[in-house]
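Below: the structure, in structure tokens.
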Amino acid sequence: RKEVEQDPGPFNVPEGATVAFNCTYSNSASQSFFWYRQDCRKEPKLLMSVYSSGNEDGRFTAQLNRASQYISLLIRDSKLSDSATYLCVVFRGYQKVTFGTGTKLQVIP
Amino acid sequence: DTAVSQTPKYLVTQMGNDKSIKCEQNLGHDTMYWYKQDSKKFLKIMFSYNNKELIINETVPNRFSPKSPDKAHLNLHINSLELGDSAVYFCASSAGTGVKLERTEAFFGQGTRLTVV
């Protein structure tokens with residue numbers, strides 16, 4: 001089993017839709033979690049950290065479920081500019097950083 | 001100002017050559033990384049380097065070697081390049097060592113697209 005797993009998609013959604021991605025991790029010792037966004041041919045950039053209590057940043061909500069070992073990202077009112085690949089990142093100390101393969105989102109006009 | 005910068009952005013070279021990619025960060029971070037992103041877009045950590053301690057991903061061939069002249073630089077040397085080395089290589093840095101979790105955000109360079117022909 002992969003340490004971090006994501007549905008590669010693509011998720012094709014109309015503008016204004018709500019879309020959610022999940023990411024599962026296998027190692028219960030994982031310490032911190034992030035969602036990164038990567039545009040085509042660009043570097044990954046931090047979208048948001050994921051806290052145990054859940055956190056929200058505008059249209060984006062991230063949640064962590066330690067019992068079931070998954071994190072989620074919810075995007076409300078999708079914009080065309082949200083089209084990108086969303087990478088789940090699991091951190092288990094600086095020497096053990098694992099990226100998911102990413103979920104591709106395409107927002108359609 | 002670019003926080004993490006890598007050069008060159010593009011590198012085309014022949015099989016068997018030796019090449020280097022340079023990386024510099026001006027964030028004062030303690031930890032630097034090299035990642036490889038293959039054609040399937042899978043980002044895989046190759047090395048992490050913190051306070052002169054190098055952690056190597058055991059799947060990385062020993063043709064790849066990181067060199068850190070100082071805390072702000074982590075260069076990647078590749079010997080005897082092979083076709084399968086073609087990928088995008090990203091340098092990254094983070095403030096924390098994993099102990100202080102709030103400082104573990106990684107900042108990435110723009111990537112070096114390596115093509116081996």
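Looking at Tyr36(A), the atoms closer than 4.5 Å to chain B (heavy atoms on both sides) all sit in the side chain, from C-beta outward. With a 4.5 angstrom heavy-atom cutoff, Tyr35(B) touches chain A only via side-chain atoms. Of the two parts of Ala106(B), the backbone and the side chain both hold a non-hydrogen atom closer than 4.5 Å to a non-hydrogen atom of chain A. At a 4.5 Å heavy-atom cutoff, the contact between Thr101(A) and chain B is made by backbone and side-chain atoms alike.
Expressed to the nearest 0.5 Å, how far CD of Glu43(A) lies from CD of Gln37(B) amounts to 11.0 Å. Atom CD in Glu105(B) sits 11.0 Å away from atom CZ in Phe91(A) (nearest 0.5 Å).
At least one side-chain heavy atom of Leu87(A) sits under 4.5 Å from a side-chain heavy atom of Leu43(B). The closest side-chain heavy-atom distance from Ser48(B) to Val97(A) is not below 4.5 Å.
The local environment of NZ in Lys9(B) is sparse, with at most 12 non-hydrogen atoms from other residues, nucleotides or ligands closer than 6.0 Å. Within 6.0 Å of NZ in Lys104(A) there are 12 or fewer heavy atoms belonging to other residues, nucleotides or ligands. Within a 6.0 Å sphere centred on CG of Asn62(B), heavy atoms belonging to other residues, nucleotides or ligands number 12 at most.
When the side chains of ILVMFWY residues are joined at heavy-atom separations under 4.5 Å, either directly or via intervening members, Phe42(B) and Val88(B) end up in two distinct hydrophobic clusters. When the side chains of ILVMFWY residues are joined at heavy-atom separations under 4.5 Å, either directly or via intervening members, Leu81(B) and Leu83(B) end up in a single hydrophobic cluster. Connection of Met46(B) to Ile21(B) is established within a shared hydrophobic cluster, with ILVMFWY side chains joined at heavy-atom distances below 4.5 Å, either directly or through further cluster members. The hydrophobic clustering, which links ILVMFWY residues whose side-chain heavy atoms are closer than 4.5 Å, places Ile75(A) and Val89(A) apart.
For the pair Phe108(B) and Phe99(A), the tightest heavy-atom approach, listed with the atom from each and the gap, is CZ-CZ, 3.3 Å. Smallest separation of non-hydrogen atoms from Lys42(A) and Phe90(B): O-CZ, 3.7 Å.
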